[in-house]
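The sequence lines fix the lettering, A, B, ..., with proteins before strands; numbering per chain opens at 1.
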Amino acid sequence: MFEKDITRTLAKKLGKTYKEVEGFLEQPQDSSFGDISFPCFVVAKEQKRSPSELAAQLKKSIALPKGIENIESSGPYLNFFIDYSSLAETIFQETRRKKSKFGHTNKGKGEVVVIEFSSPNIGKPFGIAHLRSTVIGNSLSNIYASQGYKVERVNYLGDWGTQFGNLMCAFQMWGDEKELKKNSIRHLLSLYIKFHAEAEKDEALKKKGKEWFVRLEGGDKKAKGMWKKFCGLNLKEFKRIYHLLNIKIDHTIGEAFYEPMLKKTIEFYRNKGLLKESDGALILEYPDLPPAIVQKKDGTTIYLTRDLAAAKHRRDIFKFKKMLYVADARQTLHFQQLFKALEIAGFKWARQCEHVPFGVMKFKGEPLATRKGFIFLEDVLLKAVSKVESIIDEKNPSLGHKEEVARQVAFGAVIYWDLNSDRVRDVVFDLDQVLNFEGDTAPYIQYTSARLSSILAKASPPRRVDSFLLNSQEEKKIIGSLAKFESVIWDAKMHNKPHLLTNYLSALAQECNNFYNKHPVLVNEKDLRAARLHLIFAARQVLINGLSLLGIHSPFQM
RNA sequence: GGGCCCGUAGCCUAGUCUGGAUAGGGCGACUGCCUUCUAAGCAGUAGGUCGAGGGUUCAAAUCCCUCCGGGCCCA
């Protein structure tokens, strides 16, 4: 915010370009050193003098840039101190004016971003491992949308493939119509598990499963009917969970949708001379990547082929500026091959496609495979809700809207848990950790916002405010953090990393707790009270807006 | 065999892209704090060879090289 003026002032003084100076500015970890600092080492070396001497001389000779109230030299550093009262005034005005839109911008106006996420295989129920792509994709979608981009949220369902053959085969042998009606998802899962267990011992069963899929591909009526039924049941279930979790999706498109386009797609690549026959299969060859199969020797296609068709189709209908694939890191090579194939086919927009990888979710060292143990997302959510309910009964039994608050807090905790570390890292599912509501968690942030709300329920900020009264360390820290909100959202967008936002919100919540534990808001001095009310109004708005970008609600009481 | 990602206290984790002042948090442990805006909180104590070694630099958790450990992909 104030870096620009500082940079300009320094650049002029030192005879350097704006860009050269800009790269040097940094923020000290310890705020007692100042808010923005300029290390003098490099410039001092060029001028063949000592860094601390340069710092001291600069302190004396430069005029105060806009928004800066003091400059100090501290050894080799030149430290700038922000004028917090004018900064606070700007923020208070903006939060009151923009409210839930504070932090939002129009930087992405006119650009379409397609975000493919969640993309579950609907042959299986919604497991805890599906959460990753779902919540990362959802929050990235919110983040892009907040910056003015037109976001198309695409859920690319796995609704095709041998697993459906297996499922049909299993249903024919052990299925129960009544049970399917009553308890569809669990019944289908038990069939799925049983099939894999049996197939391990019995090769013939595997073959049968494949045969059912061949029937499906061939358009067999009975197979198609079963496929539609299973997909419908599972999809209904998935939609229910998305609704619960506040996940917004614009387009639900299955792999099956692209089936009719595959022949054309293969022809297209063949005509370009990009396909090679190898052992009966059709492959794409690359100079710097392993070859990729487009069509197997039995004539069936694999997901690369469908992805090629899907990418082209989406480009045609959305004219996107960018397309993100939020998918786990094991698929890195697949996406490299996909993007490269689009590129060598001559699609310039191939460079606008990006894989947003995330680490694998593991369970006690084992990957969370459906076949062995399976953790239903919903079971985790229900456990979280019941734990929150018992905490409410203990701490705040008279709370209104108990069930709604319990859901918001519980779901917040689960979502936040998944988003809170850099997405590239693997995560180990540990129920105790997921159900921890203390410290760096969503409930902590929600609690902070609820505490602020309850103060604001007793008194609202008046029109006039003297923000120079906010001069404690605690107050200044909050003001400084609030000023950064917009750039944090932008960083999260640039890197496609929602955890930058969780880190920020948790730090801000902590600052708020430090503040209201030390300084009462509802004091008798009218002006101080007004200033503090403005401060917490703004802080609460940022907490609410930030959580909302993550897909998490902020209850007013809890 | 080729390639990608990760390694920071007992556990989880930020900081690594863009090098900068005593490496931030959280969980767990321990000591205090509910007659004052919600104790899902606050104040404090203990806990670190930033995987190892080398290099670049005035300055390295951060950049480069080698190795070790873990995960993954391709063959």
Side-chain angles (χ1 to χ4, degrees), chain A residues 22-30 32-34 37-42 44-45 50-52 74-77 79 288-293 328-337 355 357-360 362 365-367 387-388 391-392 394-396 398-399 405 409-410 412-413 417 420-428 430 432-459 474 491 494-495 497 499-500 502-504 506-507 509-510 512-523 529 532-533 536 555-558:
Chain A
E22 192 184 30
F24 289 129
L25 290 186
E26 60 190 42
Q27 203 197 344
Q29 303 124 343
D30 187 337
S32 65
F33 283 125
S37 71
F38 175 69
C40 297
F41 305 98
V42 177
K45 200 178 178 188
S50 97
S52 41
S74 160
Y77 292 88
N79 296 326
D288 47 359
L289 287 172
I293 297 180
D328 87 65
R330 288 177 296 198
Q331 298 180 49
T332 302
L333 177 62
H334 167 253
F335 283 111
Q336 283 174 346
Q337 290 172 326
H355 176 208
F358 54 82
V360 183
K362 285 183 266 181
E366 290 271 309
K387 187 174 171 190
V388 173
I391 294 176
I392 292 175
E394 184 197 330
K395 294 180 191 279
N396 197 356
S398 60
L399 179 69
V405 172
V409 173
W417 166 78
N420 192 28
S421 56
D422 193 332
R423 57 172 163 72
V424 300
R425 297 175 71 118
D426 289 349
V427 291
V428 175
D430 174 353
D432 292 335
Q433 233 178 70
V434 180
L435 299 189
N436 172 34
F437 304 148
E438 286 163 23
D440 187 8
T441 64
Y444 174 75
I445 301 169
Q446 291 168 315
Y447 172 75
T448 308
S449 128
R451 292 273 308 255
L452 298 178
S453 291
S454 94
I455 302 173
L456 289 164
K458 293 191 167 79
E474 289 78 17
D491 274 357
M494 288 300 285
H495 299 272
K497 290 187 171 184
H499 84 287
L500 297 175
T502 64
N503 289 171
Y504 167 84
S506 139
Q510 205 166 57
C512 291
N513 275 288
N514 292 339
F515 162 70
Y516 61 58
N517 270 289
K518 203 164 169 185
H519 308 281
V521 174
L522 302 176
V523 289
R529 173 187 169 118
R532 288 186 175 160
L533 282 168
I536 64 168
F556 284 97
Q557 288 181 305
M558 63 187 271

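- Between B:rG51 and B:rU62, the two C1' atoms lie 15 Å apart (nearest whole Å).
- Proximity of A:Y504 to the phosphate of B:rG25: no side-chain N or O atom is located under 4.0 Å from OP1 or OP2.
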What are the atom names and distances for every N/O pair under 3.5 Å that joins the protein to nucleotides 4-12 of chain B?
unit_1 : atom_1 : unit_2 : atom_2 : d
B:rG7  : OP1    : A:R425 : NH1    : 3.3

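- A glycosidic torsion no more than 90° from 0 defines the syn conformation, and B:rC34 adopts it.
- Distances from the side chain of A:D30 to the nucleotides B:rC37, B:rU22, B:rA21 place B:rU22 closest.
- Both geometric conditions, a ring-centre gap below 5.5 Å and a plane tilt below 30°, are fulfilled for A:F33 over the base of B:rA21.
- With C1' as the reference atom, B:rG24 and B:rC50 are 13 Å apart, rounded to whole Å.
- The CG atom of A:N513 sits 13 Å away from the C1' atom of B:rA43 (whole-angstrom rounding).
- Rounded to the nearest Å, the gap between the P atom of B:rC65 and that of B:rU18 is 15 Å.
- Within 4.0 Å of A:P520, counting heavy atoms only, lies at least one base atom of the nucleic acid.
- If you take CE of A:M494 and C1' of B:rC17, they are 11 Å apart, rounded to a whole angstrom.
- Residue A:S506 is the one, among A:S506 and A:I391, whose nearest nucleotide of RNA chain B lies closer to the 5' end (criterion: closest heavy atom).
- A:L533 and A:L522 get closest at one heavy-atom pair: CD2-CD2, 4.3 Å.
- Heavy-atom contacts from other residues, nucleotides or ligands closer than 6.0 Å to CZ of A:F556 number 12 or fewer.
- A donor and an acceptor atom never sit less than 3.5 Å apart when one is taken from the side chain of A:S421 and the other from the base of B:rA14.
- Within 4.0 Å (heavy atoms only), A:N514 reaches sugar-phosphate atoms of the nucleic acid but no base atom.
- Here the side chain of A:H495 is nearest to one of B:rC17, B:rC73, B:rC42, namely B:rC17.
- Residue A:F24 is classed as having no contact, given no heavy-atom separation below 4.0 Å to the nucleic acid.
- Remark: of the listed residues A:P39, A:P51, A:S52, A:P39 is the sole one forming a side-chain contact (heavy atoms from CB on, under 4.5 Å) with A:Y77.
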field: Pairing pattern in dot-bracket form [Watson-Crick, G-U; both distances under 3.5 Å; | = partner strand] for RNA chain B
entry: (((((((..((((......[...)))).(((((.......))))).....(((((..]....)))))))))))).
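- Smallest separation of non-hydrogen atoms from A:R529 and A:A459: NH2-CB, 3.8 Å.
- Taking OG of A:S453 as the reference point, atom CD of A:Q446 lies at 11.5 Å (rounded to 0.5 Å).
- A gap of 31 Å separates the P atoms of B:rU16 and B:rC74, to the nearest Å.
- The side chain of A:Y447 sits closest to B:rA39 out of B:rA39, B:rA14, B:rG20.
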task: In sequence, state the C-alpha distance, the side-chain angles, and the governing distance for A:F358 and A:V427, and then conclude on side-chain contact (heavy atoms from CB on, under 4.5 Å).
output: CA-CA 10 Å; A:F358 54 82; A:V427 291; over 6 Å; no
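- One interatomic measurement links the two molecules: NZ of A:K458 to C1' of B:rU36, which rounds to 11 Å at whole-angstrom precision.
- Spacing between atom CD of A:E22 and atom P of B:rG20 amounts to 16 Å, rounded to whole angstrom units.
- Residue side chain A:F41 meets the stacking definition with respect to B:rG20: its ring centre sits within less than 5.5 angstrom of the base's six-membered ring centre, and the planes differ by less than 30 degrees.
- In terms of heavy atoms, A:A442 sits closest to A:A413 at CB-N, 3.8 Å.
- Distance from the side chain of A:N79 is smallest for B:rA21 among the nucleotides B:rU38, B:rA21, B:rG41.
- When the C1' atom of B:rU36 is taken as reference, atom CZ of A:R451 falls 12 Å away, rounded to whole Å.
- For the pair A:L435/A:W417, no side-chain contact is recorded, criterion being any heavy-atom separation below 4.5 Å from C-beta on.
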task: Evaluate side-chain contact (heavy atoms from CB on, under 4.5 Å) for A:I536 paired with A:Y516, printing each intermediate quantity in order.
output: CA-CA 9 Å; A:I536 64 168; A:Y516 61 58; 5.8 Å; no
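- Atom CD in A:E394 sits about 14 Å away from atom C1' in B:rG41, given to the nearest Å.
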- line: B/S/- along nucleotides 26-32 of chain B (protein heavy atoms under 4.0 Å) is SS-----
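- Annotation: B:rU49 and B:rU8 have their C1' atoms spaced 12 Å apart (nearest Å).
- When atom types are taken as modelled, the side chain of A:D426 and the backbone of A:V360 share a donor-acceptor pair closer than 3.5 angstrom.
- The gap from the C1' atom of B:rC34 to that of B:rC42 amounts to 11 Å, rounded to the nearest Å.
- A:S74 comes within 4.0 angstrom of a nucleotide base, judged by non-hydrogen atoms across all strands.
- Remark: the separation of the C1' atoms in B:rA9 and B:rU13 is 12 Å, to the nearest Å.
- Contact annotation for A:F437: base contact, defined as any heavy-atom pair under 4.0 Å involving a base atom.
- Between B:rC37 and A:S454, no contact under 4.0 Å exists linking OP1 or OP2 to a side-chain N or O.
- Remark: A:I391 CD1 to A:N396 CG distance equals 12.0 Å, nearest 0.5 Å.
- Side chains of A:N513 and A:Y444: a donor on one and an acceptor on the other come within 3.5 Å.
- Atom pair A:K45:NZ and B:rC58:P shows a separation of 4 Å (rounding to whole Å applied).
- Comparing A:Q337 and A:V427 along RNA chain B, the residue whose closest nucleotide (by nearest heavy atom) sits nearer the 5' end is A:V427.
- What you find for A:R423 and A:H495 is that their closest heavy atoms are NH2-O, 3.0 Å.
- Picking from B:rG41, B:rC73, B:rG20 the nucleotide with the shortest atom distance to the side chain of A:P39 gives B:rG20.
- Between A:Q557 and A:S454 there is no side-chain heavy-atom pair separated by less than 4.5 Å.
- The nearest pair of heavy atoms linking A:A450 to A:M558 is CB-CG, 3.9 Å.
- Note on A:L522: a base of the nucleic acid sits closer than 4.0 angstrom, heavy atoms only.
- For the C1' atom pair drawn from B:rC12 and B:rG1, the interatomic distance equals 36 Å after rounding to whole Å.
- B:rG15 atom P lies 10 Å from atom CG of A:N420, rounded to whole Å.
- With B:rC74, B:rC42, B:rG20 as the choices, the nucleotide that has an atom nearest any side-chain atom of A:N517 turns out to be B:rC42.
- A:Y77 qualifies as a stacking partner of the B:rA21 base, centre to centre under 5.5 Å and near-parallel within 30°.
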